[in-house]
K.L.:
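Please see the structure below; I have some questions.
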Amino acid sequence: MKREPERDPLSPPLQDAQGRTMTYLRLSVTDRCNFRCSYCSPASWGGKKDLLGPEEFERIVSVFARMGLRRVRLTGGEPLLRPDILDISRRISSVPGIEHVAITTNASHLERLAVPLREAGVSQLNISLDTLSEATFRSISRQGDFNATLRGIEAAVVAGYASLKLNVVVMRGVNDEEPPALVSWAHERGLVPRFIELMPFGQGTPVPTAEMVERLRASGLSLTLEEEDPGDMAGPARYWRAPGGKVGFISPLTQNFCGGCNRVRVASNGDLRSCLGGRSQAPLHALIRGGASDAELALSIRRALGEKPEGHRFTEPGNASTLLPMMGIGG
Ligand code: SAM
Ligand code: SF4
C-alpha cells in the first residue's frame with residue numbers, strides 16, 4: 001500500500017478542524033489583575049503564581065511563527081503587572097516571522113511603561129476604559145485608580161504607537177449613556193473607540209450593538225459602515241466611519257464572528273485551548289518542561305485544534321497521549 005508522504009508539523013499553514021487558517025495568537029501572560037471589574041471572568045480575580053517565564057513564551061511564539069502565525073496579542077489578567085513584561089515583549093517581537101505585537105491593558109501601569117513597551121517592539125495597544133466618570137469607574141473596576149488610568153492613556157497617545165484602540169464594555173444602566181462622549185474623547189486623542197457587547201461572565205446587562213448604533217446616531221453622530229476587511233488582519237470588530245475617525249463594535253452576542261476566527265489562544269498556564277467548547281487542549285508548558293521538540297509541540301498544537309495530522313507517529317512526552325481521545329471534533 002502506498003504511504004502518504006509525511007508532512008512537517010511545523011510547516012504552515014496551521015488550520016483548525018474547519019479549515020480556518022490561524023494567523024493570530026492571543027497569549028495570556030498572567031491571570032493576576034489589580035482591578036476587579038464587575039463583568040470579568042472570575043479566573044482573573046484570584047491570581048495564581050505566573051508559571052511561564054520569558055524564554056518559555058518566546059519558545060511558544062517561535063513554534064507558532066514557524067507554523068505561519070504573524071501577530072501576537074499579550075493579554076491577561078493585567079499583562080503589565082508582570083515585572084518582566086518588557087523582556088517578554090522584546091523577545092516576542094524579535095521572533096522571526098512575527099510582524100505585530102499588541103497588548104490589551106487596563107492602562108494602570110502605562111504612564112511608566114508606554115514608552116519602554118514601544119521601544120520593546122510593541123506596536124499596538126488596546127486599552128480598556130468604560131467610562132469618563134470617576135465614580136462609575138470605581139464602581140466597575142472596584143479598585144482601579146481612575147487618574148492613573150487616564151495618565152496611562154495620555155502617555156500611550158504621545159508614545160507613537162501604530163494603533164491605539166479604546167475598548168468599552170457597555171452595560172445597561174451603568175455606562176450606556178456615555179458612548180457619544182467616549183467617541184469624542186477617543187477621537188480627540190487619535191484612539192479608535194470600540195464598543196463591546198457584555199458577555200455573561202459576571203454582573204451586568206448587555207446592550208445590543210444595533211441599539212448602540214441607533215443611540216449614537218440619535219446623539220447626532222453620523223455613522224456609515226466601512227467595507228469589510230477580508231484580509232487576515234480582520235478581527236471580530238466591525239468598523240463604522242464617523243466624522244472624527246472610526247468606531248468599532250464587537251458583538252459576541254448578536255453577531256456570530258466564529259466563522260472568520262483566525263486566532264489561537266494560550267492560557268497563562270501554557271495550555272492551548274481550542275475555543276470550540278474548550279474541550280481539547282495542548283499542555284504546552286508541560287510539554288516544554290518535559291523536553292518536547294519543536295515538532296512535537298507543533299504536532300500537539302495541531303491535534304488540539306482538531307486538525308488530523310497525516311503520517312506522523314511522534315512519541316509524545318508527558319501526558320500528551322491523553323490528548324488523543326479529545327481531538328478531531330472541534331465542536
Ligand atoms: N486587563 C486587561 C484589560 O482589561 O484590558 C486585559 C484583559 S481583559 C480580560 C481583556 C478585555 O476583555 C478587556 O477589554 C475587557 O473589557 C474585556 N472583557 C472582560 N470581561 C468581559 C465581558 N464579560 N464581556 C465583554 N468583554 C469583557
Ligand atoms: Fe478583567 Fe481586565 Fe478588568 Fe482585570 S482589568 S478585571 S483582567 S477586564
Side-chain angles (χ1 to χ4, degrees), residues 24-48 50 72-82 85 88-89 101-111 113-114 117 122 124-132 136-146 148-150 152-153 156 161 163-172 174-176 178-179 182 186 191-209 212 235-237 248-258 263 265-268 273 275:
Y24 182 167
L25 173 64
R26 235 183 127 89
L27 192 58
S28 176
V29 293
T30 184
D31 67 359
R32 294 180 296 120
C33 191
N34 52 340
F35 287 14
R36 296 285 182 273
C37 299
S38 54
Y39 48 69
C40 188
S41 158
S44 66
W45 287 34
K48 296 181 212 86
D50 295 330
V72 181
R73 172 168 301 283
L74 306 182
T75 182
E78 175 47 43
L80 305 197
L81 289 191
R82 281 199 66 132
I85 189 67
I88 294 171
S89 304
V101 178
I103 293 187
T104 304
T105 173
N106 64 24
S108 57
H109 289 262
L110 260 188
E111 185 179 20
L113 287 170
L117 282 170
V122 177
Q124 306 176 352
L125 292 180
N126 285 4
I127 299 173
S128 303
L129 181 73
D130 302 321
T131 175
L132 296 172
T136 309
F137 181 89
R138 276 234 137 243
S139 76
I140 296 172
S141 72
R142 297 189 174 116
Q143 56 189 53
D145 178 339
F146 183 61
T149 299
L150 294 187
I153 298 174
Y161 283 89
S163 161
L164 286 177
K165 292 179 182 139
L166 195 75
N167 283 351
V168 182
V169 178
V170 185
M171 289 160 283
R172 199 176 291 288
V174 177
N175 63 345
D176 56 341
E178 292 205 51
L182 280 160
L191 295 111
V192 175
R194 307 194 309 169
F195 297 101
I196 305 173
E197 285 177 346
L198 176 78
M199 291 180 280
F201 300 149
Q203 299 169 8
T205 309
V207 179
T209 289
M212 286 309 315
F249 295 89
I250 301 177
S251 319
L253 302 181
T254 60
Q255 281 160 17
N256 186 337
F257 48 62
C258 297
R263 325 134 188 237
R265 290 175 172 79
V266 173
S268 60
R273 287 175 205 281
C275 100

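Residue numbers run from 1 in the order of the sequence given. First listed ligand is number 1; within each ligand, the first listed atom is number 1.
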K.L.:
Does Ser38 reach the side chain of Arg142, with side-chain heavy atoms less than 4.5 Å apart?
P.N.:
yes
K.L.:
Do Thr104 and ligand 1 have an N or O pair less than 3.5 Å apart?
P.N.:
no
K.L.:
Any side-chain heavy atom of Arg265 within less than 4.5 Å of one from Ser28?
P.N.:
no
K.L.:
Once you restrict to heavy atoms under 4.0 Å, what part of Asn167 touches ligand 1? Side chain, backbone, both or neither.
P.N.:
side chain
K.L.:
Hey, is Asn126 touching ligand 1 through its side chain, its backbone, both or neither, going by heavy atoms under 4.0 Å?
P.N.:
neither
K.L.:
I want to know if ligand 1 touches Met199 in the polar sense, i.e. an N/O pair below 3.5 angstrom.
P.N.:
yes
K.L.:
Which value, rounded to the nearest 0.5 Å, describes the distance between Leu191 atom CG and Lys165 atom NZ?
P.N.:
11.0 Å
K.L.:
Check for a donor-acceptor pair, side chain of Glu78 on one end and backbone N or O of Asn106 on the other, with a separation under 3.5 Å.
P.N.:
yes
K.L.:
Could you establish whether Gly77 and ligand 2 come within less than 4.0 Å of each other, counting only heavy atoms on the residue side?
P.N.:
yes
K.L.:
Check whether any N, O or S atom of Cys33 sits under 2.8 Å from atom 1 (Fe) of ligand 2.
P.N.:
no
K.L.:
Classify the ring geometry of Phe249 against Phe195: parallel below 30°, tilted from 30° to 60°, perpendicular beyond 60°.
P.N.:
tilted
K.L.:
Hey, does Pro206 sit under 4.0 Å from ligand 1 if you only count heavy atoms?
P.N.:
no
